[in-house]
Amino acid sequence: MSTPYAKLPGWVEYGLIPLINLAVAFLVAGLVVLLVGENPLEAAYHLINGAFGRGEYIGFTLYYATTFIFTGLAVAVAFHAGLFNIGGEGQAYVGGIGVALACLWLDQTMPWYVVFPLAIVGSAFFGALWAFLPGWLQAKRGSHIVITTIMFNFIASSLMVYLLTRVLKPLGSMAPQTRTFAEGGQLPKLDWLLSIFGLNIGTAPFNISFLLALAAAFAVWVLIWRTRLGYEMRTMGHSPSAARYAGISESRITVVAMMISGGLAGMMALNPIMGEQFRMQLDFVQGAGFVGIAVALMGRSHPGGIIPAAILFGVLYQGGAEIAFEMPSISRDMIVIIQGLVILFAGALENMFRPAITRAFSARGQRAAAVVQTKGA
């Protein structure tokens, strides 16, 4: 039986270890860039400049980060209950239906601040409904949550194709998408927020759903660490046998946690549909559900870590596009490799350096204790 790692200080657990993993990931990525005959330092410059060099670049970075905050929170909530929700893609797809229905219904008669709350409720409801079925299947039938959520991703994708080609597509249109929403279905930009710092976001679709994402992060923190339900979820995630001994219903927590997770994933659809495209079209999720897994892993399933992790992946998306433009020999596929390295070291290999760090801090603690004993003697 493996020995559990010693408890480390919070700044080491949530700060030092992720930074070390990230630094190693970028070092390895630099070697990959070097192998194709390019300068890693130049690539790093274009990455940072492409993400933060101008107000418009920052706007795009934060736009991507908004999406990843929602999907990262979705994965984190399930993690705390001992569940691996890999179905964020499908839940976001179906959540988009709730957004589109609210906009198509009211965008021409109501202002955005009336449509937006209804779209939030619709996206969360549809996303939670899509996550309810895999949760119920695991709780009541013993189906593995990873298998069912993966399969539901494919079902959601097929459902989206059907709706956008047969039901929601305007008459006479050939494109698989809804009509363009009127002003009531378009979220205002947060240009005023960056203008405080003298920045102009230009064409970047950085919108008010970013504030909603921050509010959702705070709500998840309250839920997980300040409510009875959150305590029950963390108990079941840490030790299902202890949860059962304490009288916690495993099936109830499984279903509720998956529905909350699915609701958060569904809310991701608000950002691209109402904030950028002003319509619902195929592939609006663009892999954000899977990126959310990496964001949750890097952020240690804590909202305080998920937000900077989401911004990091926003940097990789926006800055990566700049690298591909400025250095044509580094293709978009290589940017995906760099993102994969970050996921690898932040997720699968996140314990690579933990034993050495744990030993270092244990030795430090023993030396400090010896000094105290010496002084006491």
Side-chain angles (χ1 to χ4, degrees), residues 4 69-95 97-98 121-157 159 216-217 219-269 285 288-297 299-303 305-306 347:
I69 290 173
F70 282 120
T71 55
L73 291 172
V75 174
V77 168
F79 274 167
H80 282 294
L83 303 168
F84 192 7
N85 179 16
I86 202 170
E89 287 280 302
Q91 291 146 21
Y93 267 131
V94 177
I97 298 173
V121 174
S123 62
F125 173 77
F126 277 85
L129 183 65
W130 201 250
F132 165 78
L133 294 172
W136 184 86
L137 287 171
Q138 168 148 329
K140 300 298 185 181
R141 294 293 182 265
S143 303
H144 200 288
I145 199 74
V146 172
I147 302 300
T148 53
T149 50
I150 288 176
M151 297 308 297
F152 270 67
N153 283 341
F154 288 100
I155 298 172
S157 179
L159 175 64
V220 167
W221 176 80
V222 172
L223 168 69
I224 299 298
W225 283 279
R226 291 295 184 270
T227 67
R228 177 178 176 179
L229 175 61
Y231 176 78
E232 292 176 342
M233 289 168 60
R234 287 185 289 121
T235 301
M236 196 182 88
H238 182 71
S239 176
S241 58
R244 287 190 292 270
Y245 183 79
I248 298 172
S249 172
E250 188 172 355
S251 59
R252 177 177 66 88
I253 295 299
T254 298
V255 173
V256 170
M258 282 299 297
M259 290 185 70
I260 295 173
S261 177
L264 288 165
M267 289 167 65
M268 164 265 156
V285 180
F290 296 115
V291 174
I293 299 172
V295 170
L297 288 171
R300 296 298 192 272
S301 298
H302 191 290
I306 286 171

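Atom set for the values below is all heavy atoms of this structure, side chains included, hydrogens, waters and symmetry mates excluded. Worth saying up front: this structure is predicted, and the values here are computed from it rather than measured.
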Do [X] and [Y] touch side chain to side chain, with heavy atoms closer than 4.5 Å?
{"X": "Ile97", "Y": "Leu159", "answer": "yes"}
{"X": "Arg226", "Y": "Tyr231", "answer": "no"}
{"X": "Ile253", "Y": "Leu229", "answer": "yes"}
{"X": "Val295", "Y": "Val75", "answer": "no"}
{"X": "Pro303", "Y": "Leu73", "answer": "yes"}
{"X": "Phe126", "Y": "Gln91", "answer": "no"}
{"X": "Val94", "Y": "Leu129", "answer": "no"}

If you take all heavy atoms of [X] and [Y], which pair is closest and at what distance?
{"X": "Val285", "Y": "Met268", "result": "CA-CE, 3.8 Å"}
{"X": "Gly90", "Y": "Asn153", "result": "N-OD1, 2.8 Å"}
{"X": "Gly266", "Y": "Ser123", "result": "O-CB, 3.4 Å"}
{"X": "Tyr93", "Y": "Ala156", "result": "CB-CB, 4.2 Å"}
{"X": "Met267", "Y": "Ala124", "result": "CG-CB, 4.0 Å"}
{"X": "Ala296", "Y": "Gly72", "result": "CB-O, 3.6 Å"}

To the closest 0.5 Å, what do you measure between [atom1] ([X]) and [atom2] ([Y])?
{"X": "Ile224", "Y": "Met233", "atom1": "CD1", "atom2": "CE", "value": "4.0 Å"}
{"X": "His80", "Y": "Ile260", "atom1": "NE2", "atom2": "CD1", "value": "12.0 Å"}
{"X": "Met258", "Y": "Phe132", "atom1": "CE", "atom2": "CZ", "value": "11.0 Å"}

Residues that [X] engages under ring-ring contact (aromatic ring centres under 6.0 Å, His included), provided they are two or more places apart:
{"X": "Phe152", "result": "Trp130"}
{"X": "Phe70", "result": "none"}
{"X": "Phe290", "result": "none"}
{"X": "Phe79", "result": "Phe84"}

Q | Intermediate values then yes/no, side chain to side chain donor-acceptor pair (under 3.5 Å), Thr149 and Asn85 | A | CA-CA 7 Å; Thr149 50; Asn85 179 16; 4.6 Å; no
Q: Only pairs at least two apart or in different chains count here, so list each side-chain hydrogen bond (donor to acceptor under 3.5 Å, both in side chains) that has a residue in residues 235-260.
A: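 Listed by first then second residue: Glu232-Arg252, Ser239-Ser241, Arg244-Glu250, Ser249-Ser251.
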Would you tabulate the side-chain donor-acceptor contacts of residues 134-147 under 3.5 Å, counting partners in other chains and residues two or more places apart, or write 'none'?
| unit_1 | atom_1 | unit_2 | atom_2 | d |
| --- | --- | --- | --- | --- |
| Gln138 | OE1 | Ile145 | N | 2.8 |
| His144 | ND1 | Val146 | N | 3.1 |

Q) Looking only at atom types and distance, does a side-chain atom of Ser261 sit under 3.5 Å from a main-chain N or O of Ala74, one as donor and one as acceptor? A) yes
